[in-house]
2 protein chains.
Amino acid sequence: METAELKNVGLKITGPRTKVLKVLENGPDRHLSAEDIYNYLLSTGDDIALATVYRVLTQFETAKLVTRHHFADGHSVFELNAGDHHDHIVCIKCGRVEEFFDPEIEARQEAIAQEKGYKITDHSLNIYGICAKCDQTG
Amino acid sequence: METAELKNVGLKITGPRTKVLKVLENGPDRHLSAEDIYNYLLSTGDDIALATVYRVLTQFETAKLVTRHHFADGHSVFELNAGDHHDHIVCIKCGRVEEFFDPEIEARQEAIAQEKGYKITDHSLNIYGICAKCDQTG
DNA sequence: CTAGTTGCAAATCATTTGCACTTGC
DNA sequence: GCAAGTGCAAATGATTTGCAACTAG
């Protein structure tokens, strides 16, 4: 139940927060933009303000409940935090997003940061390309 | 000379284009945002419109003269194309940007894309962290 | 009760665009 | 001279914020 997750991170249980969390958990996709979530909620008859979706998502991000990913075309998507880290491969035609994790890449990043004297706080690796389906379709 | 580079990619030699290119070549930093370039030009007495800086940079990007990088805080920087590919490590405190290239990471990315049936068109790897200098300063 | 939350509309920020004017070739 | 390029100001799209009304604990 969503209420528990909200309580755990010290957020009041409110309608909007529960709704957004529910979409992230059982929505049409694991990777959704604020507007996706907003539209999805409207389509299911749940009334909410877009500004609230943004506010709630930002709070969730701070609370580490979700992770925000910025893609090169300038829009960002949110994804429920499953605890695991992974990177993304994005189809530039259809927008499909797939996840991957490569320990070798992770290790190399650590090594590079250390070498250059940086303390890593975060990192993002996005591969952009054309997926098999779109490649056939043209 | 900048005029040659412009001619090579089939762009008319104009004042604004020459100015922007000059800043990218001899400016204060290899990684500059449109606004950085705009402000730098104003500060050196060169008059230009911000919209023109954006237009020119977009043309340069199309002409493969420069590469645009999108960072997680939502702003992008432009960098003169030296032909080589590399990724970035960004200090989240002072904004310092350093470059690195790791063949192992590159190879793994290729492998992953192939495995998932994607044709890579582009990719970006950004490591965010705190540089040695900022770490001391607090 | 009252601090935290929401909705709405207006504000911001980075970037783009329409259009009349200017300039390179 | 004319198509291409530029400046300016207004438009855009994504996201944020001010504020008055609402609600969870």
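Please read all numbers here as calculations on a predicted model, not as lab measurements. Every chain is numbered from 1 and lettered A, B, ... according to where its sequence line falls, protein lines coming before strand lines.
Per the geometry, OH belonging to B:Tyr38 stands 15 Å off C1' belonging to C:dC13, to the nearest Å. Counting to the nearest Å, the C1' atom of D:dA14 and the NE2 atom of A:His70 are 12 Å from each other. Spacing between atom CG of A:Leu11 and atom C1' of C:dA3 amounts to 14 Å, rounded to whole angstrom units. Atoms CG (A:Leu42) and P (C:dC8) sit 10 Å apart, rounded to a whole Å. Per the geometry, NZ belonging to B:Lys19 stands 11 Å off C1' belonging to D:dT6, to the nearest Å. Going from atom CD of A:Gln59 over to atom P of D:dT15 covers 16 Å, rounded to whole Å. Atom CG of A:Leu6 is separated from atom P of D:dA24 by 13 Å (rounded to the nearest Å). Per the geometry, CG belonging to A:Leu57 stands 15 Å off C1' belonging to C:dT6, to the nearest Å.
With the nearest nucleotide of DNA chain C identified for both B:Arg55 and A:Pro16, A:Pro16 has the one nearer the 5' end. Map B:Thr14 and B:Ser33 each onto its nearest nucleotide of DNA chain C; the residue landing nearer the 5' end is B:Ser33. DNA chain D is contacted by both A:Glu35 and B:Thr52; B:Thr52 maps to the nucleotide lying nearer its 5′ end (nearest heavy atom per residue).
The ring of A:His123 has its center no closer than 6.0 angstrom to the ring center of B:His88.
With hydrogens and angles left out, the side-chain atoms of B:Glu79 and B:His86 include a donor and acceptor closer than 3.5 Å.
Closest approach to the B:Val56 side chain among D:dA14, D:dT6, C:dG7 is made by D:dT6 (side chain taken as heavy atoms from C-beta onward). Here the nucleotide nearest the side chain of A:Lys12, chosen from D:dG7, D:dA24, C:dC8, is D:dA24.
Put simply, B:Tyr54 has no side-chain N or O that comes within less than 4.0 Å of OP1 or OP2 on C:dT16. OP1 or OP2 of C:dT15 sits under 4.0 Å from a side-chain N or O of B:Ser76. Distances shown here put a side-chain N or O of B:Arg17 below 4.0 Å from the OP1 or OP2 atom of D:dG5.
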* Asked: What do the steps show when you test A:Lys19 against A:Leu21 for side-chain contact (heavy atoms from CB on, under 4.5 Å), and what is the final call?
  -> CA-CA 5 Å; A:Lys19 289 175 192 168; A:Leu21 194 48; over 6 Å; no
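Of all heavy-atom pairs spanning B:Val53 and B:Ala34, the tightest one is CG1-O, 3.6 Å. In terms of heavy atoms, A:Tyr128 sits closest to B:Ser124 at CE1-OG, 4.3 Å.
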